[in-house]
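One structure below.
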Amino acid sequence: MIVGAALSALTNSLEGMLFGRLLVGAGMGLGPPVASLYITEVSPPSVRGMYGSFVQIATCLGILFSLLVGTPVKDIDRWWRVCFWVSAVPAVLQAIAMEFCVESPQWLYKCGRTNEAEMQFEKLLGPLHVKSAMAELSRSERGDDGESVKFSELFYGRHFNVIGHKFCVLFLINCVQKCGGAL
């Protein structure tokens, strides 16, 4: 993302800008899912969903911020270059912050590095919660942590209530957007 933003800001050709945008787009396509996966692996179960939603909130706030930064483009000559440099700032901050992130205890556990997983859990959760976190990893490895659901069960009962309602809400939002766009 840093290279793509810098390339887009510095280039004098359409090809250079398109390649820079391609790099930024790849970074934006890969970044949020990887961040969500990491958050899922390092968060305690009681707050995992809340922490995972922060990625979506941050993405939406970033889009709003980019609109504010991009507003002067039409009035200030070459402002579009500033927009690209501003987009590199969060990428640089993320690259720096990644150096201070712990390694995923779940990944370490799956690689058979249980002692290292325990050390990472101690950094994340404190020494009192290491044993329960390791027990949860052990349960999830054995498959004891969740119920199995057949695909057909998604269309009736409590599973349908969750999936069906989300689908209906998304369908309605999409219809409103389409109708609003047609007006």
Side-chain angles (χ1 to χ4, degrees), residues 1-6 21-66 87-174:
M1 288 174 56
I2 298 166
V3 171
R21 296 298 295 149
L22 176 76
L23 294 175
V24 170
M28 284 305 300
L30 291 171
V34 170
S36 295
L37 178 64
Y38 178 77
I39 289 169
T40 299
E41 289 188 357
V42 300
S43 298
S46 61
V47 292
R48 192 171 287 154
M50 181 180 65
Y51 288 171
S53 67
F54 288 157
V55 174
Q56 296 302 317
I57 293 169
T59 301
C60 292
L61 290 175
I63 292 168
L64 287 173
F65 180 72
S66 69
S87 72
V89 172
V92 169
L93 293 175
Q94 182 179 8
I96 292 169
M98 284 172 41
E99 291 299 317
F100 300 101
C101 291
V102 300
E103 243 182 303
S104 166
Q106 187 170 2
W107 180 80
L108 291 169
Y109 183 82
K110 285 183 179 186
C111 292
R113 298 162 55 184
T114 54
N115 289 339
E116 292 176 62
E118 288 177 355
M119 290 183 344
Q120 298 304 327
F121 270 135
E122 190 169 338
K123 287 180 188 176
L124 285 167
L125 308 172
L128 298 175
H129 302 285
V130 172
K131 289 196 188 305
S132 62
M134 291 301 290
E136 179 191 339
L137 278 181
S138 177
R139 277 192 310 275
S140 69
E141 188 74 18
R142 289 191 316 258
D144 296 345
D145 63 338
E147 61 182 284
S148 62
V149 177
K150 295 177 185 170
F151 182 73
S152 62
E153 293 176 7
L154 296 177
F155 300 104
Y156 62 88
R158 75 179 178 97
H159 300 294
F160 175 75
N161 290 340
V162 174
I163 303 292
H165 286 114
K166 286 183 181 181
F167 175 77
C168 290
V169 168
L170 290 173
F171 179 76
L172 288 173
I173 289 172
N174 190 32

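By convention here, the first residue in the shown sequence is residue 1.
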Got a list of side-chain donor-acceptor pairs under 3.5 Å for residues 49-57, not counting sequence neighbours?
{"unit_1": "Ser53", "atom_1": "OG", "unit_2": "Met50", "atom_2": "O", "d": "2.6"}

Donor-acceptor list for residues 32-43 side chains, cut-off 3.5 Å, not counting sequence neighbours:
{"unit_1": "Ser36", "atom_1": "OG", "unit_2": "Pro32", "atom_2": "O", "d": "3.0"}
{"unit_1": "Tyr38", "atom_1": "OH", "unit_2": "Val102", "atom_2": "N", "d": "3.2"}
{"unit_1": "Tyr38", "atom_1": "OH", "unit_2": "Val102", "atom_2": "O", "d": "2.6"}
{"unit_1": "Thr40", "atom_1": "OG1", "unit_2": "Ser36", "atom_2": "O", "d": "2.8"}
{"unit_1": "Glu41", "atom_1": "OE1", "unit_2": "Ser104", "atom_2": "OG", "d": "2.3"}
{"unit_1": "Ser43", "atom_1": "OG", "unit_2": "Ile39", "atom_2": "O", "d": "2.6"}

Given side chains that start at C-beta, do those of Leu124 and Pro105 come closer than 4.5 Å, heavy atoms only?
-> yes
About how many Å separate CD of Gln120 and OH of Tyr109, when rounded to the nearest 0.5 Å?
-> 16.0 Å
Atom pair CD1 (Ile2) and CG (Leu23), whose distance is rounded to the nearest 0.5 Å | 11.5 Å
Does the side-chain contact (heavy atoms from CB on, under 4.5 Å) test come out yes or no for Lys110 and Gln106, once each step is laid out?
-> CA-CA 6 Å; Lys110 285 183 179 186; Gln106 187 170 2; 3.9 Å; yes
From CG (Leu125) to NZ (Lys131), nearest 0.5 Å | 14.0 Å
dist Ile96:CD1 -> Met98:CE (nearest 0.5 Å) comes out at 11.5 Å
Considering all heavy atoms, the nearest Ile63-Ser66 contact | O-OG, 2.6 Å
Would you please name every residue forming a salt bridge (charged side-chain N to carboxylate O under 4.0 Å, His left out) with Arg21, sequence neighbours left out?
-> none
